[in-house]
Amino acid sequence: MVTIRLTNSKTRRKEEFRPIDPSDVRMYVCGPTVYDRAHLGNARPVVVFDTLYRLLRHVYGPDHVTYVRNFTDVDDKINAEALRRQKAGASGTLEELIHQRTEETIAWYDADMDALGALRPNHEPRATEFIGQMIAMTEGLIASGHAYAVEGHVLFRVRSYKDYGNLSGRSVDDMIAGARVEVAPFKEDPMDFVLWKPSSGEEPGWESPWGKGRPGWHIECSAMAHELLGESFDIHGGGLDLQFPHHENEIAQSACAHPHGDFAHYWLHNEMLQVEGKKMSKSLGNFFTVRDLLDQGIPGEVIRFVFLMTHYRSPMDWTAEKARQAQATLRKFYLLASEALDNVGPYIGVTNALADDLNTAQAVYELHQLANAGDTPNLRASLRLLGFMDNGVPEWARSPVVDLTGQTERLIELRNAAMASKDFSAVDALKSALIAAGVEVRMSKAGVELVPGPDFDPAKLEALQ
RNA sequence: GGCGGGUUGGCGGAGAGGUUACGCAGCGGAUUGCAAAUCCGUGAAGACCGGUUCGAUUCCGGUACCCGCCUCCA
């Protein structure tokens with residue numbers, strides 16, 4: 001069996017992956033807060049962990065991996081959007097408008113991630129479906145002295161968990177020294193974070209022992225991971241920006257609530273996506289969504305391939321040039337793979353590259369080797385392992401089916417005449433018109449061949465008739 | 001201020017203490033009426049300064065610059 005090695009943020013080392021139960025490998029990844037379209041940065045972890053999911057399915061069997069990715073549908077930004085709609089005259093209660101907004105966003109998200117070739121996780125839980133578990137977990141933490149209720153809030157007592165800060169490599173004292181956060185007066189300690197907070201009049205809320213309120217962000221993931229994967233599971237993933245405080249807090253809550261479990265064994269963090277060397281953000285104006293790119297005609301597979309070109313633990317710059325290059329490369333691979341026999345498994349070089357801490361850049365190198373060697377069956381199977389061709393070769397990568405025999409005959413005729421007369425102007429005129437229509441013109445001693453290219457435009461060809 | 005990551009040829013981007021990464025672009029050639037496509041070949045690198053070593057781009061230390069987290073951002 002292939003040995004998978006992963007860089008574990010918990011130990012800061014590349015370690016051999018040993019699942020708790022090879023017949024049920026369990027992975028949790030932090031999903032989006034569903035207040036708007038997913039931006040391109042949101043897509044990176046989706047592709048990274050989809051690749052890992054596919055590798056795990058390949059190694060342990062498709063039925064022996066459980067992948068959970070949540071939707072955070074309790075959030076101020078969601079409430080704000082629902083409120084805006086209500087004020088703009090939308091009908092329905094605020095709760096209904098919130099639900100409408102989150103379901104709409106979830107549908108967008110699923111559609112956009114489908115376009116990237118990401119498999120749906122086995123579970124996509126919504127936070128609002130697990131409020132009961134969150135309340136129960138919070139009660140347990142209070143009972144065991146790890147949390148306290150005050151003024152409608154419940155706060156986690158950070159000093160009660162001695163390992164707090166281990167994941168992110170920070171000490172509580174250092175953090176307080178550098179803190180720039182305003183500290184709520186009711187906190188016992190500035191580092192304490194909220195497990196439950198009260199909801200004011202128009203905000204959505206649930207009844208709880210501490211009054212009407214809603215869960216804190218961190219407890220959501222802890223509760224859902226516990227409910228769906230148990231006290232101990234294998235892999236917890238997410239973007240590097242979530243390492244602190246989100247993941248640190250998740251560990252603290254879960255470790256204290258379930259002292260017999262050890263939560264996630266391997267923590268994986270993907271580096272950030274950048275645009276022009278800077279993190280994507282609305283304030284910098286370098287913000288765009290996956291849908292924006294798809295609408296511009298950049299296929300989802302191309303976006304996926306661009307992500308795969310860079311190792312997941314390196315920052316990655318999105319550029320138009322990369323997309324162009326990725327599309328050309330993918331087209332070449334697809335062309336070779338489309339005619340290949342489907343009778344082998346993925347190339348061991350590709351599997352090994354992925355098994356080595358998800359070295360997708362190395363895997364791409366291996367694909368080039370296969371293409372150069374003409375090993376199309378392995379190329380095909382390897383592309384599939386990497387999440388391409390789930391639905392065959394996409395339309396954009398296929399040569400359009402058009403009958404060009406008329407044009408071909410005409411060109412041959414003109415060329416033969418020109419060969420005799422040495423006047424090539426008529427041939428060249430037809431040739432440039434064909435090229436302008438996106439047709440590749442291949443002339444040799446043997447004859448003339450016309451192949452519709454990527455930019456083939458039937459309308460321009462029509463004009464030639 | 002605290003913590004973490006990075007700096008590889010024109011661009012993208014890996015591995016490895018000594019052996020061509022690779023892709024794109026470029027250049028040369030074959031081919032072509034000219035092109036395109038294809039094929040063959042090819043130059044070019046590892047921020048800076050020290051150290052360890054027979055040998056470092058790869059290990060160690062320092063400097064510079066870049067990026068991120070410390071704000072319910074993937």
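In what follows, chains are A, B, ... by sequence order, proteins preceding strands, each numbered from 1.
Among the heavy atoms of the strands lying under 4.0 Å from A:Arg324 are primed sugar atoms or P, OP1, OP2 only; no base atom is included. Residue contacts for A:Met309: at a heavy-atom cut-off of 4.0 Å it reaches the sugar-phosphate backbone alone, with no base atom in range. Counting any heavy atom pair closer than 4.0 Å across all strands shown, A:Gln274 reaches sugar-phosphate atoms only and no base atom. Residue A:Leu240 is out of contact with every strand shown, counting any heavy-atom pair closer than 4.0 Å. Using a 4.0 Å heavy-atom cutoff across all strands shown, A:Ile435 reaches no nucleic acid atom at all. At the heavy-atom level, A:Phe424 lies under 4.0 Å from base atoms of the strands shown. When heavy atoms are screened at a 4.0 angstrom cut-off, A:Gly41 is found touching base atoms of the nucleic acid. In this structure, A:Arg442 reaches the bases: a heavy-atom distance under 4.0 Å links it to at least one base atom across the strands shown. Using a 4.0 Å heavy-atom criterion, one finds that A:His311 contacts the sugar-phosphate atoms exclusively. Base contact: A:Val427 has a heavy atom under 4.0 Å from a base atom.
At a threshold of 4.0 Å, the pair A:Glu188-A:Arg157 counts as salt-bridged, since one of the basic side-chain nitrogens sits closer than that to a carboxylate oxygen. A salt bridge links A:Asp356 to A:Lys14: one of the charged nitrogens lies within less than 4.0 Å of a carboxylate oxygen.
Each of B:C73, B:C22, B:C24 was ranked by its minimum atom distance to the side chain of A:Asp241; first place goes to B:C73. Considering only side-chain atoms of A:Met443, the nucleotide from B:C69, B:G33, B:A37 that sits closest is B:G33. Ranking B:G33, B:A21, B:C73 by closeness to the A:Lys445 side chain, first place goes to B:G33. The side chain of A:Thr33 lies closest to B:A74 when the candidates are B:A37, B:C70, B:A74. The side chain of A:Met280 lies closest to B:A74 when the candidates are B:C11, B:A74, B:C22. Of the listed nucleotides (B:U32, B:G13, B:G68), B:G68 has the atom at the smallest distance from the side chain of A:Met272.
A:Arg415 has a side-chain polar atom (N or O) that falls below the 4.0 Å cut-off from OP1 or OP2 of B:G33. Dashed line: the shortest gap from a side-chain N or O of A:Lys322 to OP1 or OP2 of B:C24 is not under 4.0 Å. For B:G23, neither phosphate oxygen OP1 nor OP2 lies less than 4.0 angstrom from any side-chain nitrogen or oxygen of A:Thr329. Checking the phosphate oxygens (OP1, OP2) of B:A35, no side-chain nitrogen or oxygen of A:Lys431 falls inside 4.0 Å. At the phosphate of B:G23, OP1 or OP2 sits under 4.0 Å from a side-chain N or O atom of A:Asn372.
Across all strands shown, B:A37 remains unpaired; no Watson-Crick or G-U wobble contact has both distances below 3.5 Å. Pairing partner, B:A21: none, since no Watson-Crick or wobble contact has both distances short of 3.5 Å. As the counterpart of B:U52, no nucleotide is assigned, since no Watson-Crick or G-U wobble pattern has both distances under 3.5 Å. Applying the Watson-Crick and G-U wobble criteria (two distances, each under 3.5 Å), B:A47 pairs with B:U63. Under the Watson-Crick or G-U wobble criterion, with both distances below 3.5 Å, B:U42 is paired with B:G26. Base pairing analysis places B:C69 opposite B:G2; the two distances defining the Watson-Crick or G-U wobble pair are each below 3.5 Å. Applying the Watson-Crick and G-U wobble criteria (two distances, each under 3.5 Å), B:A16 pairs with nothing in any strand.
Annotated as syn: B:G46, whose O4'-C1'-N torsion sits within 90° of 0.
With A:Leu116 as reference, A:Ile303 is the one residue of A:Ile303, A:Val302, A:Asp50 to meet the side-chain contact (heavy atoms from CB on, under 4.5 Å) rule. Of the residues listed (A:Glu103, A:His99, A:Glu104), the one engaging A:Arg101 in a side-chain hydrogen bond (donor to acceptor under 3.5 Å, both in side chains) is A:Glu104, and it is the only one.
Geometrically, A:Arg304 engages A:Phe388 in a cation-pi contact defined by less than 6.0 Å to the ring centre and at most 45° from the axis.
Classification of the A:His218-A:His246 ring pair by plane angle, with boundaries at 30° and 60°, yields tilted.
A:Trp267 and A:Gln243 form no side-chain donor-acceptor contact under 3.5 Å, judged by distance and modelled atom types alone. A:Asp317 and A:Thr319 are not linked by any side-chain donor-acceptor pair at a separation below 3.5 angstrom, with hydrogens and angles left out of the test.
Between the P atom of B:C69 and the CZ atom of A:Phe244 lies a distance of 13 Å, rounded to the nearest Å.
Using atom C1' as the reference point in both B:A14 and B:G33, the two lie 45 Å apart (nearest Å). Between the P atoms of B:G18 and B:U58, the separation comes to 12 Å (whole Å). B:U52 and B:C65: their C1' atoms are spaced 26 Å apart (whole Å).
Within 3.5 Å, a donor on the side chain of A:Asp428 pairs with an acceptor on the base of B:G33, or the reverse. Taking only distance into account, the side chain of A:Lys278 never meets the base of B:C67 through a donor-acceptor pair shorter than 3.5 Å.
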